[in-house]
Amino acid sequence: MNHNSIHWFRKGLRLHDNPALLAAMKDCAELYPIFILDPWFPKNMQVSVNRWRFLVEALKDLDENLKKINSRLFVVRGKPAEVFPVLFKKWKVTRLTFEVDTEPYSKQRDAEVEKMAAEHSVQVIQKVSNTLYDIDRIIAENNGKAPLTYVRLQTVLAPLGSPKRPAQAPTKNDMKECSTPWKSSYDGKYSIPTLEELGQDPEKLGPHLYPGGETEALSRLEIYMKRTAWVCNFQKPETEPNSLTPSTTVLSPYMKFGCLSARTFWWKLADVYHGRKHSHPPVSLHGQLLWREFFYTAGVGVPNFNKMEGNPVCVQVDWDNNKEHLKAWSEGRTGYPFIDAIMTQLRTEGWIHHLARHAVACFLTRGDLWISWEEGQKVFEELLLDADWSLNAGNWQWLSASAFFHQFFRVYSPVAFGKKTDKNGEYIKKYLPFLKKFPAEYIYEPWKAPRSLQERAGCIIGKDYPKPIVEHEVVRKKNIQRMKAAYARRSGSVDVGDKDLEGSKKKGVKRNAAKEQSVADLLKKAKFKKD
DNA sequence: CAGCTGGTTGGACCG
DNA sequence: ACGGTCCAACCAGCT
């Protein structure tokens, strides 16, 4: 019993599968579980009031669960670098534990804290528990590079075997030998923040669909795991982006904050799969967890992963800078009801289906508006409850055909795509109720409805709801050509202009481009030799 | 090595 | 209603 430990919660807001917390409790006299309200976050990113609520609820739940084992949560205000020296002295701390975090800011922050802890003779213990595997290990196994395809990731993971089994949550019994000192003077100082303290307006909250916290996460998990047939048959591409209630688990916000452990989720799924025929990665639920791993690995292994410039896997594209179009997209005013309904759901509820993300991301970038994926990334980062740095950056690059996915001629139609699973546009009517009187024939394209119908529906297009800000069929073709040119520039080929691509000349141009490319390659090689 | 295969989830059109 | 074919042709990884 020779340690006074701080366990530092950042993500990983849970008691289950928390090896760093268990390490803090070992041979421990006094345990101080803390969360730091780090001013870096609100300064460097917009966070919606919905996500602040989720965090506050997750912290409350954590505090309650800690109290059940005779401890509590201390919420500390300030910069980690300034907070720790004070706490180390005040609580006579000898050990600091936390979960490994692979995001760039976190890595830098944690390195500084680790150094400072050493200066105060505080032992630091870090444990991997946010991801299924140790991300650095995956990269090492792949010769120091992040796998750029899913198949490659699977190949690299195969010899590593299944992810570790989750650690048990600590119980009262584990706290028998140690205590969390409790002074009344602590209560105000280390209390869970309110939305008001965080500068948020509770009036702006959306419906309370996904309460934050570990307790909610585990009960949500249990509910879904009971649906064994559904779990075993799960194929992500067959779930619906525009159902009126989510067609997938919506466990992602809980994963983002670590209210649910990926490994706990993995092994619960394995239990359900056991002895049953079931779907497989990439489309299965296990497959979804591996996608998370895939993008986490890329986020660590690829420099400047959340940017285009300086990002070696990202195609360099001459995106336009159209502030009006960006604003229209982010506020759900593009004139395409399917797109605007999705953006409305995102803004009000904080969660949209994965394929809905595809539709709006393609629309913003290579499909229609030709606006940088970094702009979309910022909007998602603000509004999504599950906004996760690596996943957000990776998926935006995927959808904009900037990295991982390259079949840029496959463009989602803002009209046709939604119809596949919602012919009558019920989803659109839910989120854009002013369109609810349009018949199915026009619900995806209300501008095509006759004026008399628009009047009867009580919504004049161009007045009560915007006309489409771009003509999809026109910009789509133009954008595919721009994408093709961006790819051609990347491979060292000549800039293939629109003019050269007309009709019968196509084949000739292709041959020329190939020839140019090989010349460029020869030049590159020659240069290399000289060096 | 040059060529091949496969790639989480496209769209339009045809029968 | 739904499966097949074409569209135009990308890249990463493998052999």
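Using the six-membered ring where Trp is involved, A:W351 and A:H353 have ring planes that are perpendicular, over 60° apart on the 30 and 60° scheme. Ring planes of A:F338 and A:Y444: tilted class, angle from 30 to 60°.
Side-chain atoms of A:H354 lie closest to B:dT8 of the nucleotides B:dG7, B:dT8, C:dG13. When each of B:dT9, C:dA9, B:dG7 is scored by its nearest atom to the side-chain atoms of A:Q407, the top-ranked nucleotide is B:dG7. Among the nucleotides B:dG11, B:dG7, C:dC10, the one closest to the side chain of A:V151 is B:dG7. Taking the side chain of A:T149 as heavy atoms from C-beta on, and the options B:dG11, C:dA12, B:dT8, the nearest nucleotide is C:dA12. Of the candidate nucleotides B:dT8, C:dC14, C:dA12, B:dT8 has the atom nearest to the side chain of A:W291. Listed candidates were B:dA12, C:dC10, B:dT8. Nearest to the side chain of A:K236 is B:dT8. Side-chain proximity of A:L148 to the nucleotides B:dT9, C:dG13, B:dA12 is greatest for C:dG13. Closest to the A:R490 side chain, of the nucleotides C:dA12, C:dC14, B:dT9, is C:dA12.
In this model, no donor atom of one side chain and acceptor atom of the other lie less than 3.5 Å apart for A:H472 and A:Y336. The closest side-chain donor-acceptor pair between A:Q288 and A:K236 falls under 3.5 angstrom.
The gap from the P atom of C:dC11 to that of B:dG11 amounts to 22 Å, rounded to the nearest Å. Annotation: C:dA8 and B:dG7 have their P atoms spaced 24 Å apart (nearest Å). Taking the C1' atoms as reference points, B:dG6 lies 14 Å from C:dA9, given to the whole Å.
Residue A:F404 is out of contact with every strand shown, counting any heavy-atom pair closer than 4.0 Å. If you check every strand for non-hydrogen atoms under 4.0 Å, A:K420 touches sugar and phosphate atoms only.
Distance, A:L399 CG to B:dG7 P: 18 Å, rounded to whole Å. Between the NE2 atom of A:H406 and the P atom of B:dT8 there is a distance of 10 Å, given to the nearest Å. What separates CD of A:Q481 from C1' of C:dC10 is a distance of 13 Å, to the nearest Å. To the nearest angstrom, P of B:dT9 lies 8 Å from NE2 of A:H358. Atom CZ of A:R366 and atom P of C:dA8 are 16 Å apart (whole Å). A straight line from CE of A:M483 to P of C:dC7 spans 23 Å, rounded to a whole angstrom. The nearest whole Å value for the distance from the CH2 atom in A:W398 to the C1' atom in B:dT9 is 10 Å. Rounding to whole angstrom units, CD1 of residue A:I480 and C1' of B:dG11 are separated by 10 Å.
Stacking here means ring centres nearer than 5.5 Å and ring planes tilted less than 30 degrees, and by that measure A:F408 does not stack onto C:dC10.
Heavy atoms of other residues, nucleotides or ligands lying less than 6.0 angstrom from CD of A:E473 number more than 12.
Within the 4.0 Å cut-off from OP1 or OP2 of B:dG11, not a single side-chain nitrogen or oxygen of A:R476 is found. The phosphate of C:dA9 has OP1 or OP2 within less than 4.0 Å of a side-chain N or O from A:K484. Residue A:K419 places none of its side-chain N or O atoms closer than 4.0 Å to OP1 or OP2 of B:dG11.
At distances below 3.5 Å, at least one donor-acceptor pair connects side-chain atoms of A:D340 with backbone N or O atoms of A:T334. A:W329 contributes no side-chain N or O that, together with a main-chain N or O of A:M343, makes up a donor-acceptor pair within less than 3.5 Å.
For B:dT9, there is no paired base (Watson-Crick or G-U wobble, both distances below 3.5 Å). When Watson-Crick and G-U wobble pairs are counted only if both distances are under 3.5 Å, C:dA9 pairs with no nucleotide at all.
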